[in-house]
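Structure first, commentary second.
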Amino acid sequence: MQPIAARTLSDIDWENWKAQDPATLTFVIKEDHILLIRKKRGLGAGKINGPGGRLEEGETTLECAVREVQEELKITPLNMAFHGECLFQFVDGYSIHVYAFAASDYDGIAEETDEAIPLWFHINDIPYDEMWEDDRCWLPLLLKKKNFIGRYLFDKDTMLDYEIELLT
Ligand SMILES: Nc1nc2c([nH]c(=O)n2[C@H]2C[C@H](O)[C@@H](COP(=O)(O)OP(=O)(O)OP(=O)(O)O)O2)c(=O)[nH]1
């Protein structure tokens, strides 16, 4: 992995950009509450996030999104809707392309696993201070059922630049 000299989004050739890893995020939103996790390991360990992770060989984004929720919280998300894409470039050279889903219901009882602690929040009380810096830019769009594509440049945990396009 080669570090890149970019300091703004315009330093990156987005036309030919391809992430090292495709990944997913899923937000179960039910009756004004959202199910988040305290992530115990992997990229973003310690932060609060939605359950999710990297695609496995041969898997669709939807299959990955469902599997990650099942693995991390022992529940199955229901009524999955795709809402958007987040394209993350890190200055250390790493890149990840995240597909974001919302689910309006689930089967089972969420429980702590090796990977995550389940946490419910009211949608007006989302703990953005404990989340990735970009989440406050696009999670409100997902909550409003909008579709979006965003590009983000990070130096470790610090967001250097971003842009979000709403899709109709
Ligand atoms: N909300 C949010 N999520 C992010 C950001 N950046 C980022 O990678 N993520 C998510 C996408 C993935 O769901 C997750 C990273 O994948 P992971 O490390 O959990 O992958 P994995 O489950 O396959 O982990 P592992 O088995 O390889 O440890 O973090 C961000 O800025 N905001």
Side-chain angles (χ1 to χ4, degrees), residues 1 4 6 9 12 14 17-29 34-77 80-103 110-121 123 125-144 146-165:
M1 203 164 62
I4 59 165
L9 287 180
I12 296 166
W14 291 103
W17 187 88
K18 190 170 184 306
Q20 278 168 40
D21 289 322
T24 61
L25 277 173
T26 300
F27 297 90
V28 175
I29 300 156
I34 183 167
L35 177 58
L36 299 176
I37 60 166
R38 174 78 66 183
K39 198 167 160 64
K40 291 165 79 171
R41 63 176 197 218
L43 183 60
K47 293 188 198 298
I48 292 181
N49 202 349
R54 290 169 245 236
L55 255 73
E56 290 182 353
E57 198 71 39
E59 205 176 38
T60 65
T61 55
L62 179 60
E63 287 164 349
C64 169
V66 172
R67 174 185 55 74
E68 289 284 352
V69 179
Q70 289 171 333
E71 285 178 6
E72 294 186 354
L73 293 176
K74 305 291 178 202
I75 58 169
T76 298
M80 294 280 278
F82 172 67
H83 278 286
E85 296 172 51
C86 302
L87 283 55
F88 296 107
Q89 178 66 54
F90 290 82
V91 296
D92 69 1
Y94 183 65
S95 54
I96 183 166
H97 188 151
V98 178
Y99 297 81
F101 294 84
E111 59 182 80
E112 180 173 350
T113 64
D114 289 352
E115 298 183 64
I117 299 168
L119 300 168
W120 283 99
F121 294 91
I123 52 167
D125 203 16
I126 293 177
Y128 287 113
D129 289 348
E130 294 186 73
M131 300 171 75
W132 281 96
E133 205 180 333
D134 55 294
D135 293 16
R136 66 176 75 237
C137 307
W138 58 266
L139 191 49
L141 300 174
L142 181 142
L143 289 166
K144 287 186 197 143
K146 307 248 190 231
N147 289 0
F148 54 86
I149 180 162
R151 294 179 181 78
Y152 310 85
L153 178 62
F154 271 84
D155 183 357
K156 300 194 177 75
D157 284 341
T158 302
M159 188 165 67
L160 302 180
D161 198 10
Y162 79 98
E163 70 180 10
I164 299 178
E165 221 177 296

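Read the numbers this way: they start at 1 and go in the same order the structure lists the ligands and their atoms. Everything quoted here is computed from the prediction, not taken from an experiment.
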I'd like to check which ligand 1 atoms, numbered from 1 as shown, lie under 4.0 Å from a non-hydrogen atom of [X].
X: Ile96; result: 8 (O)
X: Gly52; result: 13 (O), 19 (O), 22 (O)
X: Asp135; result: 1 (N), 2 (C), 30 (C), 32 (N)
X: Trp138; result: 1 (N)

**Prompt:** So, does Glu133 sit close enough to ligand 1 that a heavy atom of it is under 4.0 Å from the ligand?
**Reply:**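 So Glu133 does not count as touching ligand 1.
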
For [atom], grab the closest protein heavy atom and report residue, atom and distance to one decimal in Å.
atom: atom 18 (O) of ligand 1; value: Arg54 NH2, 2.8 Å
atom: atom 31 (O) of ligand 1; value: Asp134 OD1, 2.6 Å
atom: atom 28 (O) of ligand 1; value: Gly42 CA, 4.0 Å
atom: atom 16 (O) of ligand 1; value: Gly53 CA, 3.8 Å
atom: atom 30 (C) of ligand 1; value: Trp132 CG, 3.2 Å
atom: atom 19 (O) of ligand 1; value: Lys39 NZ, 2.4 Å

**Request:** Ignoring angles and geometry beyond distance, decide whether Thr24 reaches within less than 3.5 Å of ligand 1 through its nitrogen or oxygen atoms.
**Result:**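 So ligand 1 has an N or O lying under 3.5 Å from an N or O of Thr24.
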
**Asked** Do ligand 1 and Phe88 have nitrogen or oxygen atoms that lie under 3.5 Å from each other?
**Response**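 For ligand 1, there is no N or O atom that lies under 3.5 Å from one belonging to Phe88.
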
**Request:** Write down the atom of Asn147, the atom of Phe82, and the distance for their closest heavy-atom approach.
**Result:**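 Nearest pair, atom of Asn147 first, then Phe82: OD1-O, 3.7 Å.
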
**Asked** Between Ala65 and Met80, what is the shortest heavy-atom contact and its length?
**Response**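 Closest approach of Ala65 to Met80, heavy atoms only: CB-CE, 3.5 Å.
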
**Request:** Evaluate side chain to side chain contact (heavy atoms under 4.5 Å, CB included) for Phe101 paired with Val66, printing each intermediate quantity in order.
**Result:** CA-CA 10 Å; Phe101 294 84; Val66 172; over 6 Å; no

**Item:** Neighbour count above 12 (heavy atom, 6.0 Å) for Lys47 NZ
**Value:**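 It does: Lys47 NZ has more than 12 such atoms within range.
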
**Request:** Report, as yes or no, whether the 6.0 Å neighbourhood of atom OH on Tyr162 holds more than 12 heavy atoms from other residues, nucleotides or ligands.
**Result:**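 Not buried by this count: 12 neighbours or fewer within 6.0 Å.
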
**Request:** Have a look at ligand 1 and work out which part of Glu68, if any, has a heavy atom under 4.0 Å from it: side chain, backbone, both or neither.
**Result:**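 Looking at Glu68 and ligand 1, just side chain atoms fall under 4.0 Å.
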
**Request:** Decide side chain to side chain contact (heavy atoms under 4.5 Å, CB included) for Trp132 and Phe88; before the verdict, give the C-alpha distance in whole Å, the side-chain angles of both, and the deciding distance to 0.1 Å.
**Result:** CA-CA 11 Å; Trp132 281 96; Phe88 296 107; over 6 Å; no

**Asked** To the nearest 0.5 Å, what is the distance between NZ (Lys156) and OG1 (Thr158)?
**Response**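 Atom-to-atom, Lys156:NZ and Thr158:OG1 are 8.5 Å apart.
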
**Asked** How many angstroms lie between atom CG of Asp135 and atom CD1 of Ile48, to the nearest 0.5 angstrom?
**Response**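 Nearest 0.5 Å value for the CG-CD1 distance: 11.0 Å.
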
**Request:** Nearest heavy atom to atom 4 (C) of ligand 1 wins, so pick from Ile37, Leu43, Asn49, Val98.
**Result:**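 Of the listed residues, Asn49 has the closest heavy atom.
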
**Prompt:** Is there at least one protein heavy-atom neighbour under 4.0 Å from atom 23 (O) of ligand 1?
**Reply:**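 It does; a protein heavy atom is within 4.0 Å.
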
**Request:** Flag the pair Glu63 and Arg67 as a salt bridge only when some basic side-chain nitrogen lies within less than 4.0 angstrom of an acidic carboxylate oxygen.
**Result:**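 So Glu63 does not pair with Arg67 through a salt bridge.
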
**Of Leu141, Leu25, Leu142, the residue whose pairing with His83 passes side-chain contact (heavy atoms from CB on, under 4.5 Å)** =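 With His83 as partner, side-chain contact (heavy atoms from CB on, under 4.5 Å) holds for just one option, Leu142.
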
